[in-house]
Amino acid sequence: MFVSAVETFLLELPLREAFVASHGATTVRSIVVVCVETDVGLGWGECSALPAATYTAESSGRAFEVITDHLTPHLVGRSIEPGRIEVAVAVVGANPMAAAALEMALIDAELTARGRSLADHLGVTAAAVPAGASLGLDSIPSTVARAAALVEEGYRRLKVKIEPGHDRALVEALRAAMPDVELHVDANGAYPPTGVEAVLAVVAAGVDAVEQPFPPAEVEAAAELVAAVRPVHVVADEAVGSVADAVELERRRALTGVSIKPARVGGLHAAVALHDRCLDLGLAATAGGMLECGLGRHALAALAGLPGFTLTGDLSPAGRWLAADPWPDLELVDGRLAIPAGPGVAPPPDPEVLAAHTVDHHRTEAP
Ligand code: OSB
Ligand code: MG
């Protein structure tokens with residue numbers, strides 16, 4: 001596929017409510033999207049980096065620069081296949097979310113031209129995936145009320161953010177109100193390695209999976225937890241940037257599952273490779289969300305149709321978080337999200353909504 005130009009957009013999309021995690025609060029979803037112009041047509045990709053460089057080292061503002069200054073100059077004026085983007089873009093390792101945006105755009109261009117859906121391309125045969133919703137840090141009464149409303153809407157799984165001191169009583173209150181829901185907790189690494197007992201107390205209150213309780217480097221604390229809480233899942237999120245990370249953590253018995261986020265690992269092909277390796281290793285997988293807009297959420301729903309995703313993911317429509325979005329959204333029906341079946345990754349954005357929320361853009365053309 002010959003790439004003649006890339007247009008990069010920095011968008012500011014309003015959130016319905018702040019998303020608070022132990023790594024910080026997100027109040028406006030600035031997000032980067034790219035449009036590749038190729039000999040077979042246009043393709044769109046999302047860079048899911050958050051506004052602040054907290055969850056990982058990438059941020060939307062920096063990613064905009066990295067994409068426009070360092071990545072697109074290597075792509076335009078060249079022929080490149082979507083699965084070989086790492087050959088063209090030498091900085092994938094340091095900037096997986098930026099690289100993932102360009103990969104998604106190339107995949108979208110190719111699949112749209114061929115009239116094939118992403119699910120088809122990935123070999124996904126499922127028609128829908130169970131829906132899961134995440135809840136940011138909030139008071140216990142408010143979290144319980146919101147959780148109950150989400151279950152009422154049809155969500156089968158809830159993932160609540162926790163941190164030391166705001167954990168066990170929260171889970172007890174949720175369990176009292178919702179004895180049967182699949183309940184995950186996510187600490188974004190907020191517990192110190194001495195906090196194994198505290199995390200065990202949270203688990204005992206009735207959770208099905210604990211996501212990233214300790215910082216990524218605290219492998220021994222994670223292994224101690226795994227040994228003590230089987231069969232409850234210990235899911236790695238921030239700790240897994242590659243297949244090699246998952247393999248090493250499995251070798252050290254420091255996880256039983258992985259939150260697979262295409263952005264965090266450098267794109268959809270890398271996410272599939274990680275999924276396949278999780279299946280081989282007997283690790284559970286869950287499709288991890290990044291407060292994506294409709295574009296990224298379409299990709300996540302297709303990926304989540306793969307058979308290794310045995311723990312329900314962050315699979316809610318983009319509109320659960322975003323009050324405006326240039327992309328069409330997924331729909332929640334009977335507690336499930338339909339896997340997109342149209343050509344490409346997602347339908348194209350609404351140009352007026354895109355323009356209304358664009359705060360910066362940059363075009364790189366072949367000389
Ligand atoms: O830790 O899983 C996380 C969102 C942004 C960054 C990190 C995380 C999250 C979520 C997912 O918890 C929320 C969602 O997209 O629904
Ligand atoms: Mg997480």
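Values below: every heavy atom of this structure, side chains too, minus hydrogens, waters and symmetry copies. Residues: numbered from 1 along the sequence shown. Remember, it's 1-based here, ligands and their atoms both numbered in the order they're listed.
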Hey, does [X] come in under 3.5 Å of ligand 1, counting only N/O atoms on both sides?
| X | result |
| --- | --- |
| Tyr55 | no |
| Lys261 | yes |
| Phe19 | no |
| Glu211 | yes |

Q: Can you label the angle between the His362 ring and the Phe64 ring as parallel, tilted or perpendicular, going by 30° and 60°?
A: perpendicular

Of all the non-hydrogen atoms in the protein, which one sits nearest to [atom], and at what distance?
| atom | value |
| --- | --- |
| atom 1 (O) of ligand 1 | Asn188 ND2, 2.7 Å |
| atom 13 (C) of ligand 1 | Ser134 OG, 3.6 Å |
| atom 12 (O) of ligand 1 | Lys161 NZ, 2.9 Å |

Can you confirm whether [X] is buried at [atom1], in the sense that more than 12 heavy atoms of other residues, nucleotides or ligands lie under 6.0 Å from that atom?
| X | atom1 | value |
| --- | --- | --- |
| Glu331 | CD | no |
| His361 | NE2 | no |
| Arg277 | CZ | no |
| Glu220 | CD | no |

Q. Should one rank Arg264, Arg297, Glu292 by closest heavy-atom distance to atom 14 (C) of ligand 1, which comes out on top?
A. Arg297

Q: Name the option, out of Gly313, Gly289, Ala133, that contains the heavy atom nearest to atom 4 (C) of ligand 1.
A: Gly289

Among the N/O/S atoms of [X], which is closest to the Mg ion (ligand 2)? Give the atom name.
| X | value |
| --- | --- |
| Asp237 | OD2 |
| Glu211 | OE2 |
| Asp186 | OD2 |

**Q.** Pairing of Glu58 and Arg62 as salt bridge, 4.0 angstrom limit
**A.** no

Q.
Tell me whether Glu211 is salt-bridged to Lys159, with the criterion being a basic N under 4.0 Å from an acidic carboxylate O.
A. yes

Q. With a 4.0 Å heavy-atom cut-off (strictly under), which part of Lys159 contacts ligand 1: side chain, backbone, both or neither?
A. side chain

Q.
Please classify the Thr26 to ligand 1 contact at 4.0 Å (heavy-atom distances, strictly less than): side chain, backbone, both or neither.
A. neither

Q: May I ask you to list the atoms of ligand 1 that are less than 4.0 angstrom from any heavy atom of Asp314?
A: 11 (C), 16 (O)

(Q) Taking 4.0 angstrom as the limit and counting only heavy atoms of Asp237, give me the atoms of ligand 1 inside it, by number and element. (A) 1 (O), 2 (O), 3 (C)

Q. Do Glu238 and Asn188 meet the criterion of a side-chain donor-acceptor pair at a distance under 3.5 Å?
A. yes

(Q) So Leu13 and Val28, do their side chains get closer than 4.5 Å, heavy atoms only? (A) no

Q: Check whether any side-chain heavy atom of Arg16 sits under 4.5 Å from a side-chain heavy atom of Arg320, and report yes or no.
A: no

Q) Is it true that some N/O/S atom of Glu238, main chain or side chain, lies under 2.8 Å from the Mg ion (ligand 2)? A) no

Q. Can you name the closest pair of heavy atoms from Ala287 and Leu315 and give their distance?
A. CB-CD2, 4.2 Å

